[in-house]
Number of protein chains: 2
Amino acid sequence: MKLHPQEIEARFRRHAVRVTRQRTAIYAALAETTSHPSADDLYQMVKRQQPMMSRNTVYYTLSVLRDAGLVREVNVGHDMARYDGNVSMHHHLICLGCGQIMDVMDDDLNRLQLSSGQARGFDVLGHRVEFHGYCVSCRQARRDVPSRRG
Amino acid sequence: MKLHPQEIEARFRRHAVRVTRQRTAIYAALAETTSHPSADDLYQMVKRQQPMMSRNTVYYTLSVLRDAGLVREVNVGHDMARYDGNVSMHHHLICLGCGQIMDVMDDDLNRLQLSSGQARGFDVLGHRVEFHGYCVSCRQARRDVPSRRG
DNA sequence: CCCTAGTCAGGAATGATTCCTACATAGCAT
DNA sequence: ATGCTATGTAGGAATCATTCCTGACTAGGG
Ligand SMILES: [Mn+2]
Ligand SMILES: [Mn+2]
Ligand SMILES: [Zn+2]
Ligand SMILES: [Zn+2]
């Protein structure tokens with residue numbers, strides 16, 4: 001969702017995050033996509049408008065926004081970290097072929113709880129659900145190249 | 001669960017994995033613990049019996065066993081990969097303090113499905129559930145040092 | 001408008017994992 | 001049993017996302 005700079009600034013101030021050109025650009029890029037980009041994806045996007053931007057600033061900014069609760073880090077396996085501008089509670093559906101990450105909003109999943117017998121005395125604070133599979137185009141691609149495992 | 005070398009050998013042959021001293025030692029170490037050790041943990045354990053063992057062999061062996069379906073790789077966040085000798089379907093409970101990973105066996109969780117409305121045309125093959133919290137001793141430690149965020 | 005804690009850019013460092021290569025060996029076929 | 005060869009092993013070098021360092025810059029409270 002495309003956000004006005006003033007709305008971004010307001011959110012930053014509400015979360016005690018200093019407003020800078022770099023941060024605004026990075027957060028804006030993240031907020032207007034649902035594609036869960038990596039730090040480097042964001043660096044490439046933002047560099048077009050701000051060629052002086054350092055990759056390092058992207059990493060640092062993302063860590064600041066993450067710690068402030070404005071951004072979520074999504075780790076899938078050992079691939080590079082992906083970032084999510086949607087901080088409301090939700091889960092993900094991941095394509096094993098192309099790595100795309102789709103949002104899953106489902107109240108039943110959000111309410112999932114561990115039975116106390118399984119909790120082992122833990123103070124359980126949250127959970128994460130990931131579904132894995134193949135998206136439409138990856139499924140297609142696999143059918144077209146049956147050489148590797150049917 | 002402690003396994004006899006002959007049982008390990010049988011499993012290897014069933015999965016077309018060549019039997020070597022190194023592989024047997026690595027798989028034995030993994031099978032008799034429930035602690036989800038990292039590659040380096042396993043290297044340290046196995047090196048005691050086989051000082052010539054290379055760290056590289058541990059990585060290579062784990063990839064062979066993983067591809068053969070004898071071992072599962074468990075990635076938690078961006079920490080180093082952890083390995084699981086239990087390949088039956090189950091989920092995990094993770095301590096945010098010490099990083100320990102406990103098994104959660106729960107048929108309801110295993111049966112979890114994505115509603116077709118949410119599936120976005122994906123061919124969904126599996127899912128993963130992770131619960132996060134603090135174990136008994138980490139909870140204790142946090143209480144004892146209330147200096148950082150109560 | 002000043003001051004300074006916080007931020008930025010660029011480069012070096014890190015560290016888990018992977019790649020490379022020469023030697024060793026498991027296990028099939030003589 | 002013996003030899004052959006595809007595969008595995010050890011150790012070192014390379015990779016590469018991420019973090020660390022450092023010196024210049026600036027947001028924003030006073
Ligand atoms: Mn998301
Ligand atoms: Mn497990
Ligand atoms: Zn796909
Ligand atoms: Zn703990």
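Naming convention: chains lettered A, B, ... in sequence-line order (proteins, then strands); numbering from 1 in each chain.
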message = Regarding B:Val64, tell me which of base, sugar-phosphate or nothing describes its non-hydrogen contacts under 4.0 Å with the strands shown.
response =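 The answer is nothing, as B:Val64 stays clear of every strand by at least 4.0 Å.
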
Q.
Other residues, nucleotides and ligands only: do more than 12 of their heavy atoms fall within 6.0 Å of CZ on A:Arg14?
A. yes

- [ ] For B:Met80, look at atom CE and say whether over 12 heavy atoms of other residues, nucleotides or ligands are found less than 6.0 Å away.
- [x] no

Output the rounded distance in Å from [atom1] ([X]) to [atom2] ([N]).
X	N	atom1	atom2	answer
A:Asp79	D:dT18	CG	C1'	15 Å
B:Leu42	C:dT17	CG	C1'	15 Å
A:Arg21	C:dG6	CZ	P	21 Å
B:Gln22	D:dG11	CD	C1'	14 Å
A:Met52	D:dT26	CE	C1'	15 Å
B:Tyr43	C:dT17	OH	P	14 Å
B:Asn75	D:dA17	CG	P	17 Å
B:Asn56	C:dT18	CG	C1'	8 Å

Counting just side-chain N and O atoms, does [X] come under 4.0 Å of either OP1 or OP2 of [N]?
X	N	answer
B:Tyr60	D:dT9	no
A:Thr57	C:dA9	yes
A:Gln50	C:dC8	no
A:Ser38	D:dA17	no
A:Tyr59	D:dT18	yes
A:Arg13	D:dG28	yes
A:His78	C:dA16	no
A:Arg23	C:dC8	yes

>> Does either side chain, that of A:His36 or that of A:Asp103, offer a donor lying less than 3.5 Å from an acceptor on the other one?
In response: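 Yes, because at least one side-chain N or O of A:His36 sits under 3.5 Å from a partner of the opposite role on A:Asp103.
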
Query - Closest listed nucleotide, where the reference is the side chain of A:Met53 and the choices are D:dA10, C:dA9, D:dT9 - result: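 For A:Met53, the side-chain atoms sit closest to C:dA9.
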
query = Among D:dT7, D:dA10, C:dT18, which is the nearest nucleotide to the side chain of B:Arg18?
reply =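 Of all the options, the side chain of B:Arg18 is nearest to D:dT7.
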
- Earlier contact from the 5' end, DNA chain C, for A:Val58 and B:Glu9: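 Mapping each residue to its closest nucleotide by heavy atoms, the 5'-most match is A:Val58.
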
Nearest-nucleotide check on DNA chain C, B:Val17 vs B:Arg55; residue mapping nearer the 5' end is B:Arg55

message = Can you work out whether B:Pro51 or A:Thr20 has the more 5'-proximal nearest nucleotide on DNA chain D?
response =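 Between the two, 5'-proximity favours B:Pro51.
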
Worksheet item: Which word best sums up how the rings of A:His91 and A:His127 line up, parallel for under 30°, tilted for 30 to 60°, or perpendicular for over 60°?
Response: parallel

_Ring centroids only, cut at 6.0 angstrom: are A:Phe131 and B:Phe122 within range, meaning strictly under it?_
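Between B:Phe122 and A:Phe131, which both carry aromatic rings, the centre distance is not below 6.0 Å.
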
Per side chain to side chain contact (heavy atoms under 4.5 Å, CB included), A:Arg21 is matched among A:Gln50, A:Met53, A:Gln49 by A:Gln50

